[in-house]
There are 2 protein chains.
Amino acid sequence: MARLPPTIRCQGRSNCFDCTLRHEMVCSEVTLDELIDFHTGIEDFDYGHGAALFEMGAPTEGVYCIRHGAVKIVKHDQAGNQRIIRVLKKGDIAGIESAFSDHYEHSAVAVGDVRACRVPIEYFRNFVATHGNLQMRLLKTSQATLRETEDWLSELTVGNLPARTRMARLLLRLKVTADGDRIHRFGVEDMAAILGIAAETVSRVVSDFVREGILVKGGKSFATRYFRGDLPALEKIAREA
Amino acid sequence: MARLPPTIRCQGRSNCFDCTLRHEMVCSEVTLDELIDFHTGIEDFDYGHGAALFEMGAPTEGVYCIRHGAVKIVKHDQAGNQRIIRVLKKGDIAGIESAFSDHYEHSAVAVGDVRACRVPIEYFRNFVATHGNLQMRLLKTSQATLRETEDWLSELTVGNLPARTRMARLLLRLKVTADGDRIHRFGVEDMAAILGIAAETVSRVVSDFVREGILVKGGKSFATRYFRGDLPALEKIAREA
DNA sequence: CGTGTACTTGAGTGGGCTCAAGCAGGGTGG
DNA sequence: CCACCCTGCTTGAGCCCACTCAAGTACACG
């Protein structure tokens, strides 16, 4: 914290200069002064396993840049069933789909420990409204999210594919970083809600993977648990028809 | 065609003044002259059952406003399997997700007879680039499409729900108009590709619905076939857990 | 050290899959 | 005009994966 330039008045431990949102925002029209002004009011938050960043239906009050951990984006249907629509990881931005609605479209819930910084929605909207190029940038972001969701749909929820294959695909998508073998370890109920299968089936498949040495469990508490995955093996299973 | 104001140089039979894209585009900054200029170069096309408006991977050359019929938006995975991501109906716009990419992200294929008018991509991009408010409007459109796709995902592809329930939900989404009981009648393979189930299962469920009087087949050729649905009955089935 | 939650594992069932054969009907060519 | 074919749809039989129900286990936390 001490190392942050004093002109950046982040109230938490955020390193605003390293922020994805900043990269998202920066374009030729935006001066550093504006950026500093924009960052005013940003706050840093910690969330424990299961804590909600925001709830579906609540008034939109900010967008969140995930700085550590994984966040599940959840939709509830009228019957009360939960369905996980998307998973956000470090560097992703939560709530941007609701930035121009009055209320959040989904809930965002921490899986394990999460650190995120919140940009108040008025700041965000004002900034977007006053910078023309930004809208174009956000449009492309939105379309990228759409593509991501479509991939999710077509890869993970193909009912006629074996659970084992879909599980492998999911695990590959839950990698913490693009290069490492560390994988976010969700609870069995969560994975079931993503793949649309029974929790027992998830447990069986994961147990198989562990027995086969494809997955290794790590970490003790919910907050810090993870898998290490044999990525080539997972990719092989993921490719199976 | 004869009734169109002569200043509107539509080359086909389009009624540009009644176009969804126009409603999409119109904002305070846009003058009528600009709009007329924009509509220059728009062409009208007919497509038979199975004809492609555009193919995934091909260079983006336009966006299409669907004026009649239904269009399936298709993604191919590396194994060559088809998956229908979305269905467009009268008034929807195809290819807008690819408007700022070099190549189309999906294929768009006619189901039955389709009429659509094409806006050349240079016109579209130029128009968007020169009208700031438009980007905001497109951003909201993009986010609405995202929400639609998420609903599609969470309602139709829940693996643990019976095929009968998901079929009912699909049929309700394939209504030709919001108010009528007429439903776009897709082939069994297509419906299977949407729900991620086997074609035989689709056939069985549809046959059941017909026997129960919930669906009535209409039309003879692929081009003009349709269902009439007992909407209350379908809604009841769609609600079942 | 007890308790609760999350996970694991088993047994039995059933929905949907696969394989396979039969059917309908629109289009084509003789 | 009719026979044929070809494609898409229907229907049946048998099987298997994943579901449900249910009991047992492990481990984090107080």
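Letters go in sequence order (proteins before strands), and every chain restarts at 1.
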For this session: For B:Arg166, report the nucleic acid contact type (base, sugar-phosphate, nothing); a contact means any heavy atom under 4.0 Å.
Result: nothing
Exercise. CG of A:Leu161 versus C1' of C:dC17: gap in Å, rounded?
Worked result: 13 Å
Exercise. Between B:Met191 (CE) and D:dG8 (P), how many Å, whole number?
Worked result: 15 Å
Exercise. What is the distance, rounded to the nearest whole Å, between atom CD of B:Glu200 and atom P of C:dG15?
Worked result: 18 Å
Exercise. Of the nucleotides D:dA18, D:dC9, C:dT8, which one has an atom closest to the side chain of A:Thr201?
Worked result: D:dA18
Exercise. Can you find an N or O donor on one side and an acceptor on the other, under 3.5 Å apart, linking the side chain of B:Arg164 with the base of C:dG15?
Worked result: no
Problem set entry | Whole-Å distance separating the NE2 atom of B:His49 from the C1' atom of D:dT7 | 11 Å
Problem set entry | Earlier contact from the 5' end, DNA chain C, for A:Val202 and A:Asn160 | A:Val202
Per-pair distances, 0.1 Å, donor-acceptor, side chain in residues 183-211 of chain B, under 3.5 Å, sequence neighbours excluded:
unit_1, atom_1, unit_2, atom_2, d
B:Asp190, OD1, B:Lys72, NZ, 2.7
B:Asp190, OD2, B:Lys72, NZ, 3.3
B:Ser207, OG, B:Ser203, O, 2.8
B:Asp208, OD1, B:Arg211, NH2, 3.1

Problem set entry | Length of the line joining A:Arg225:CZ and D:dC27:C1', which is rounded to integer Å | 11 Å
Problem set entry | Selection from C:dC7, C:dT18, D:dT11 that lies nearest to any side-chain heavy atom of A:Val188 | C:dC7
Seminar exercise, completed: Checking D:dA28, C:dT9, D:dA18 against the side chain of A:Ser221 (C-beta onward), the nearest is D:dA28
Problem set entry | Electrostatic pair B:Glu150:A:Lys75 at N-O distance under 4.0 angstrom | no
Problem set entry | A:Ala198, nearest nucleotide to its side chain (from D:dC9, D:dT20, C:dC7) | D:dT20
Problem set entry | Residue whose nearest DNA chain D nucleotide is more 5′ - A:Ala199 or A:Gly219 | A:Ala199
Problem set entry | Neighbour count above 12 (heavy atom, 6.0 Å) for A:Glu55 CD | no
Problem set entry | Whole-Å gap separating C1' (D:dC9) and CG (B:Leu215) | 15 Å
Problem set entry | Test: A:Arg173 and A:Glu155 ion pair at under 4.0 Å | yes
Exercise. Atom CZ of A:Phe209 to atom C1' of C:dT9: distance rounded to whole Å?
Worked result: 18 Å
Exercise. Can you find an N or O donor on one side and an acceptor on the other, under 3.5 Å apart, linking the side chain of B:Arg204 with the base of C:dG15?
Worked result: no
For this session: Report the relative orientation of the aromatic rings in B:Tyr64 and B:Phe54; use parallel for angles under 30°, tilted for 30 to 60°, perpendicular for over 60°.
Result: tilted
Problem set entry | Spacing of A:Lys220 atom NZ relative to D:dG30 atom P, expressed in whole Å | 17 Å
Problem set entry | Residue mapping more 5' on DNA chain C - nearest nucleotide basis, A:Asp208 or A:Phe222 | A:Phe222
Problem set entry | Residue A:Ser207, side-chain heavy atoms: nucleotide from C:dT8, D:dC9, C:dC17 that is nearest | C:dT8
